[in-house]
Number of protein chains: 2
Amino acid sequence: MPVTDKRARLVESAKGLFHEQGVLATTLADVAARAAVPLGNVYYYFKTKDELVCAVIESRSDEVRELLGRLDQKRTPQTRLKGLAEQWGDASEDVARYGCPIGSLSSELDKSHDTAWSRADSPLAILVDWSEAQLRQMGRRDARDLAFSVVSRIQGASLLAQDFGDPEILVREARLFERWVDGLA
Amino acid sequence: MPVTDKRARLVESAKGLFHEQGVLATTLADVAARAAVPLGNVYYYFKTKDELVCAVIESRSDEVRELLGRLDQKRTPQTRLKGLAEQWGDASEDVARYGCPIGSLSSELDKSHDTAWSRADSPLAILVDWSEAQLRQMGRRDARDLAFSVVSRIQGASLLAQDFGDPEILVREARLFERWVDGLA
DNA sequence: GTCTATAAGATGATAGAC
DNA sequence: GTCTATCATCTTATAGAC
């Protein structure tokens, strides 16, 4: 399974289309077309559509880890947590149009019990674990519960922003979130 | 378009299957089978699959209005809001398995821009409006923003409970939510 | 109103030439 | 490694008998 340019292009294409249209609504012909790869050639890189889905999940997880790595540069756990919410606020236009790239992906895939994608390394789980670490550094005993709360609010706000088609919902919730973090001390 | 027993059975069947498998993953053959109605007969009641989807959305909206009507019996806006979160806590097993029936439905349909279902009467919008009314009765100037926060938290927790396959996440978030409502006063 | 049979089109996947 | 052509299947939707 060589890592060629075409393979990367296919994953990138699928990532975008899965976000915009959903996984089930996206055909391999769509993916191939956007990547400028002939349909039949897709099967050289991915034996099945499920395999392509797995590759997309992995890629999303990598993105999340990269983002968290950048946030880790910030000095305090409080600013790091606020930086997380800020990220969704910055992407609010995109999220309002198509939903959160990782939330909507997880939501759709969790329905099909194809155990191909294990829950262990879900992108959402990475976010929760990281948030828990920040809250623990802040001395919170209930770090785990609060971590779920953190990701909950971001994901819920993303869903509403999408449903109402209004990016401002996400921006306002990010602001409320910042105040909440300040209140934790 | 007569309202027969069969029509009701088809809507009920679709409602369940859309929740368990998603809208796109559910075929009209599935819906017909669960409703014990021959496939061809489905088209007497619904000209297209989209029409059936609209009927399901309407039915979900009715369910929400019914729930909120029951909660309106409670004495204070605080207990009414807590009653809302309690509802999701009670259904946590189901939500952890298949996601929130209205959240996952909205999330999936918001991707397909088929304007067949107007955003005006989305079940989520009904929840937000009602929450806003409660918060306004509590004297909050920022009632609208907080209302989005209320529904956000419930929806976000539902998504995480589904992704982690753990109903307790929803129960714990409901508990945190109750404390938050008490702190608003 | 009800149901069977089937048309029409799309989609995942494969065979095999180059 | 790459691509064309195509198969097999599934799914929405319709035609038309009862």
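All chains are named by letter (A, B, ...) in the order of the sequence lines, taking the proteins before the strands, and each is independently numbered beginning at 1.
With respect to B:Asp142 and B:Arg136, no salt bridge is recorded, no charged nitrogen being found less than 4.0 Å from a carboxylate O. Look at A:Glu12 and A:Lys15 and you find a salt bridge, because one of the NZ, NE, NH1 or NH2 atoms lies within 4.0 Å of a carboxylate O, short of that distance. We find that A:Arg65 and A:Asp62 are joined by a salt bridge, their nearest charged nitrogen and carboxylate oxygen being less than 4.0 Å apart. Using a cutoff of 4.0 Å between basic side-chain nitrogens and carboxylate oxygens, A:Arg60 and A:Glu63 are scored as salt-bridged.
The B:Lys6 side chain lies nearest to C:dC3 when the options are C:dC3, D:dC3, C:dG12. Each of D:dT12, C:dG12, C:dT2 was ranked by its minimum atom distance to the side chain of B:Lys49; first place goes to D:dT12.
For residues 68-90 of chain A, no pair satisfies ring-ring contact (aromatic ring centres under 6.0 Å, His included), with sequence neighbours left out.
The side chain of B:Tyr44 places an N or O atom within less than 4.0 Å of a non-bridging phosphate oxygen (OP1 or OP2) of C:dG1. Applying the 4.0 Å criterion to OP1 and OP2 of C:dC3, one finds that B:Tyr43 has every side-chain N and O outside that range.
Heavy-atom distances to DNA chain C give each of A:Thr27 and A:Lys47 a nearest nucleotide, and the one nearer the 5′ end belongs to A:Thr27.
The interatomic distance linking A:Arg9 (CZ) with D:dG1 (C1') rounds to 14 Å, in whole Å. Atom-to-atom, CG of A:Asp5 to P of D:dG1 comes out at 13 Å; the value is rounded to the nearest Å. For the pair A:Arg7 CZ and D:dG1 P, the interatomic distance rounds to 12 Å; values are reported in whole Å.
Summary for the helix from C:dG1-D:dC18 to C:dC18-D:dG1: the axes at its two ends, each from 5 pairs, differ by 10° when rounded to the nearest 10 degrees.
The main-chain N or O of B:Ile154 is found under 3.5 Å from a side-chain atom of B:Ser158 such that the two form a donor-acceptor pair. Under the 3.5 Å distance criterion, the side-chain polar atoms of A:Lys82 are left unmatched by any main-chain donor or acceptor of A:Arg179.
Within a heavy-atom distance below 4.0 Å of DNA chain D, the residues of residues 28-41 of chain A found are A:Pro38, A:Gly40, A:Asn41.
Separating the CG atom in A:Asp145 from the CZ atom in A:Phe148 is a distance of 8.0 Å, to the nearest 0.5 Å.
For B:Gln137, the CD atom counts as densely surrounded, since its 6.0 Å shell holds more than 12 non-hydrogen atoms of other residues, nucleotides or ligands.
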